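None of these values were measured; they are calculated from a predicted model. Hydrogens, waters and symmetry mates play no part in the numbers below; they use all other heavy atoms, side chains included. Just so we're on the same page: letters track the sequence lines, and every chain starts at 1.
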Amino acid sequence: SVRTACEIYEATRYVTGAKEFNTAAFEFILRNAMKVFQDNSFVKLSTAAVAEILSRDDISVHSEVDIFDAMLRWHHTDEDAYLIGTSTKTRNLRKCIKESVLNCIRFPNFEPFVYCGLIQRWRILSKDEEDYLYSIWAGT
Amino acid sequence: LKSRPFLKNSPRTYI
C-alpha cells in the first residue's frame with residue numbers, strides 16, 4: 001500500500017543492505033504519487049525524502065500544481081518550519097519552506113494563468129524572480 | 001537569478 005511504501009522508503013533510506021527494498025518503495029511512490037500525496041504517511045516523511053521524491057522528472061503527476069500542493073501539504077505539518085514561523089512571527093512562506101523542498105518546485109512549468117491564479121498569492125517569489133519568470137514565459 | 005533551481009525550465013513528464 002501507499003502507507004507501507006512511504007514507511008519502507010523512509011526506514012530503509014540509510015540501510016545499506018536494504019537497497020532493493022528502498023528502490024522498490026521509491027519507484028512505487030513515484031508511480032502512485034497522486035495517492036501518496038493524499039496519505040498521512042506522506043506528511044511524515046523527512047525533508048530529504050520529500051525533496052528526493054518531488055525533485056524527480058519521472059514522478060507521476062498531472063501538472064506542477066500537484067507538486068506544489070503536495071509541497072504545501074507537507075510543509076504545513078513540518079514542525080521545524082512551524083517553529084521558525086511562530087518564533088519570527090512571520091507568515092512569510094518563503095522563509096519557512098525548506099530550501100531543498102522549495103527547489104523541487106519548477107515555477108517555469110506552471111501555465112502563466114495558473115501561476116497568477118493559484119500560486120502567486122502565496123508570495124513565495126520576489127519581484128525580480130517573478131519578472132524573470134515572466135520573461136521565460138514570454139520566450140525571451 | 002538563474003542560479004536558483006526553482007526558476008530553471010526543467011523537464012517533467014506530466015501524465
Q. Do B:R12 and A:E64 come close enough that some side-chain heavy atom pair is under 4.5 Å?
A. yes

Q. Roughly how far, to the nearest 0.5 Å, is the CZ atom of A:F107 from the NZ atom of B:K8?
A. 14.5 Å

Q.
Whether the side chain of A:N109 engages the backbone of B:S10 through a donor-acceptor N/O pair (distance < 3.5 Å, no angle test) should be reported.
A. yes

Atom pairs and distances, side-chain donor-acceptor, residues 1-8 of chain A, under 3.5 Å, sequence neighbours left out:
from, atom 1, to, atom 2, distance (Å)
A:S1, OG, A:R3, N, 3.4
A:S1, OG, A:T4, N, 3.2
A:S1, OG, A:T4, OG1, 2.7
A:R3, NE, A:E7, OE2, 3.3

Q. Do A:V15 and A:I29 share a hydrophobic cluster, counting only Ile, Leu, Val, Met, Phe, Trp and Tyr and linking them when any side-chain heavy atoms are less than 4.5 Å apart?
A. no

**Q.** Cluster overlap A:L118 with A:F110, hydrophobic side-chain contacts below 4.5 Å
**A.** yes

**Q.** Options A:D58, A:L102, A:I59, ranked by heavy-atom pairs under 4.5 Å with chain B, top entry
**A.** A:L102

Q. Do you know the tightest heavy-atom contact between B:L7 and A:I136?
A. O-CD1, 3.4 Å

**Q.** Results of side-chain hydrogen bond (donor to acceptor under 3.5 Å, both in side chains) for A:E52 - residues two or more places apart only
**A.** A:Y9, A:R13

**Q.** Single-linkage hydrophobic cluster A:I67~B:I15, side-chain heavy atoms < 4.5 angstrom
**A.** no

(Q) So for A:S55, is it side chain, backbone, both, or neither that comes closer than 4.5 Å to the heavy atoms of chain B? (A) backbone

Q.
According to a hydrophobic-cluster definition based on side-chain heavy atoms being under 4.5 Å apart (Ile, Leu, Val, Met, Phe, Trp, Tyr only), do A:F21 and A:Y14 belong together?
A. no

Q) How many angstroms lie between atom CD1 of A:I105 and atom CZ of B:F6, to the nearest 0.5 angstrom? A) 10.5 Å

Q: Would you indicate whether the side-chain heavy atoms of B:Y14 and A:D66 approach each other to under 4.5 Å?
A: no

